[in-house]
Amino acid sequence: MSAPNKSYDPVEVEALKPEEIERMRNEALAAFAAAADLEALREAKAAHMGDRSPLALANREIGALPPQAKAEAGKRVGMARGAVNKAFAARQAELEAERDARVLVEEAVDVTLPYDRVPAGARHPLTTFCERVEDVFTAMGYEVAEGPEVEAEWFNFDALNFEPDHPARAMQDTFFVAGDKPGRETGVVLRTHTSPVQVRSMLDREPPIYVVCPGRVYRTDELDATHTPVFHQVELLAIDEGLTMADLKGTIEHMVRSLFGEGLTTRLRPNYFPFTEPSAELDMQCYVCRGASVGNPEQPCRTCSSEGWIELGGCGMVNPRVLVAAGIDPEKYSGFAFGFGIERMLMFRHNVEDMRDMVEGDVRFTRPFGMEI
Ligand code: FA5
């Protein structure tokens, strides 16, 4: 076996000469500094730190050196590679920071810019709720009937058995469009309720008649938390042989259960309407406390003010005089009618405290009701 090459001089290996190592190191550092972006830096890394880079090739030469020369050459190459690694990491951090800053600027969203999408509108809860009520009745075989909002005084009052001097006809209750002598059957009014659609439906159809009549009505009421001069009612009319108050109560109870929940009951309180006889106010059991709040201060109910009942609207058996006015034989047919206000119903259904929110058209009120169609 031959002896180690004691006379071997590492300086003789071109790639390991100090000035050569220095040059490789400086070239790498210059390439990193010149890399304008992370992609260029990646290429510079492959060229100056990869397996075929000058420093990596020089490193391989060390293995062939005699032991005493290895340490010095190894230290030289190691220091150069360390410096190159450090320079690379520093430049990489610099370029990454630059990129992040640029992305922040380029992809920034200016929240003050004008909104460029057309917002999808929602239908007003008054409309969608009216439609729900219609659905309950059409499912029972009722037909939807409509009438004009500008109505003949005859349909709005006379045919419904309002006396010529009934206070409801007075200017302070009714908007007169034409005819300034209320009570002469010749005037034209903005209808004050949906009941004139009862008469129109009876004139248009032969019994049996089952109609549900939603619509806008007008009264000279001031706009306040519980009144509006323009509001909505839904009228119900059934004309058939042998109908009684029991049919009326059963029908409304079905509506209440469909809209507010199973098991709820209703009650009738005597009242007066010229067009129904007997007449009643119809209350439904409070759907929130179901009566549990009555006389129970521990458990107050906001919806029914702890009364256990909520007033729904007016109802009764159609007055035979109205049947006659509409050409229907009261000996053969009887009927029931029911009318209620949609705004008031929506108020207690959704705990709306002020009716003005409902009628002023602010989308912030309608939006929470969602896109019900
Ligand atoms: C009537 O209008 C009768 N036509 C109802 C009727 C129909 C009775 C069929 C018998 C048979 P009333 O005036 O009580 O009744 O009004 C009915 C409902 O309209 C009230 O219960 C209330 O919910 C609503 N209402 C009345 N005035 C206003 C108003 N200014 N703003 C909002 N809702 C109102």
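We count ligands from 1, going down the list as the structure has it; atoms in each ligand are counted the same way. Owing to the predicted nature of the structure, the values given are computational and were not obtained by experimental measurement.
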Region of [X] engaging ligand 1 - heavy atom pairs below 4.0 Å:
X	value
F338	backbone
T276	side chain
S195	side chain
H227	both
M345	neither
E311	neither

Worksheet item: Are I310 and D283 close enough that some pair of their side-chain heavy atoms sits under 4.5 Å apart?
Response: no

Shortest protein heavy-atom distance from [atom], along with the residue and atom involved:
atom	result
atom 15 (O) of ligand 1	F273 CE2, 3.6 Å
atom 11 (C) of ligand 1	F275 CE1, 3.6 Å
atom 30 (N) of ligand 1	D221 OD2, 2.7 Å
atom 19 (O) of ligand 1	Q233 NE2, 3.2 Å
atom 23 (O) of ligand 1	R344 CG, 3.3 Å
atom 2 (O) of ligand 1	R219 NH2, 2.9 Å
atom 9 (C) of ligand 1	E235 OE2, 3.2 Å
atom 32 (C) of ligand 1	F231 CG, 3.5 Å

Discussion item. Check this for me - ligand 1, T228, N or O atoms closer than 3.5 angstrom, yes or no?
Written reply: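 It does: an N or O of T228 is found under 3.5 Å from an N or O of ligand 1.
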
Worksheet item: Is T192 close to ligand 1, meaning an N/O of one under 3.5 Å from an N/O of the other?
Response: no

Fill in: NZ or CZ of R219 within 45° of F175 ring axis and under 6.0 Å
no

Practice prompt. Compute the centroid of each ring, for H193 and then for F340, and state whether the two points are separated by less than 6.0 Å.
Written response: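 Ring centres of F340 and H193 not closer than 6.0 Å.
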
Worksheet item: For the ring pair F129 and H232, is the centre-to-centre distance below 6.0 Å?
Response: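 Centroid distance F129-H232: not below 6.0 Å, so no.
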
What atoms in ligand 1 come closer than 4.0 Å to a heavy atom of [X]?
X	value
Q198	9 (C)
G341	18 (C), 19 (O), 23 (O), 24 (C)
C315	8 (C), 10 (C), 11 (C)
M355	32 (C)

Practice prompt. Look at atom 8 (C) of ligand 1 and find which of G313, G314, S279 reaches it with the closest heavy atom.
Written response: G314

Discussion item. Measuring from atom 5 (C) of ligand 1, which candidate in A337, G339, P274, G316 has the nearest non-hydrogen atom?
Written reply: G339

Just say parallel, tilted or perpendicular for the rings of [X] and [Y], cut-offs at 30° and 60°.
X	Y	value
Y142	Y210	perpendicular
H166	F162	perpendicular
F260	Y287	tilted

Fill in: Nearest heavy-atom neighbours spanning T228 and V230
OG1-O, 2.8 Å

Fill in: Chi angles and distances behind the side chain to side chain contact (heavy atoms under 4.5 Å, CB included) call for F338, E235
CA-CA 6 Å; F338 169 60; E235 190 91 4; over 6 Å; no

Worksheet item: Of the options D135, L237, V144, V136, which is the one that meets V212 in a side chain to side chain contact (heavy atoms under 4.5 Å, CB included)?
Response: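 Only one of D135, L237, V144, V136 forms a side chain to side chain contact (heavy atoms under 4.5 Å, CB included) with V212, namely V144.
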
Discussion item. My understanding is that only one of E253, M284, R290 makes a side chain to side chain contact (heavy atoms under 4.5 Å, CB included) with T265; could you say which?
Written reply: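 So the option named by the test is E253.
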
Discussion item. As a quick check of understanding, evaluate salt bridge (charged side-chain N to carboxylate O under 4.0 Å, His left out) for E353 and R302, giving each step before the final call.
Written reply: CA-CA 10 Å; E353 282 177 1; R302 278 202 318 161; 3.0 Å; yes

Practice prompt. Let me see the working for L223 and R356 under side chain to side chain contact (heavy atoms under 4.5 Å, CB included), right down to the final yes or no.
Written response: CA-CA 7 Å; L223 181 62; R356 283 169 287 203; 3.5 Å; yes

Worksheet item: Any non-hydrogen atom of E343 lying under 4.0 Å from ligand 1?
Response: no

Worksheet item: With a 4.0 Å cut-off, would you call R23 and E19 a salt bridge?
Response: no

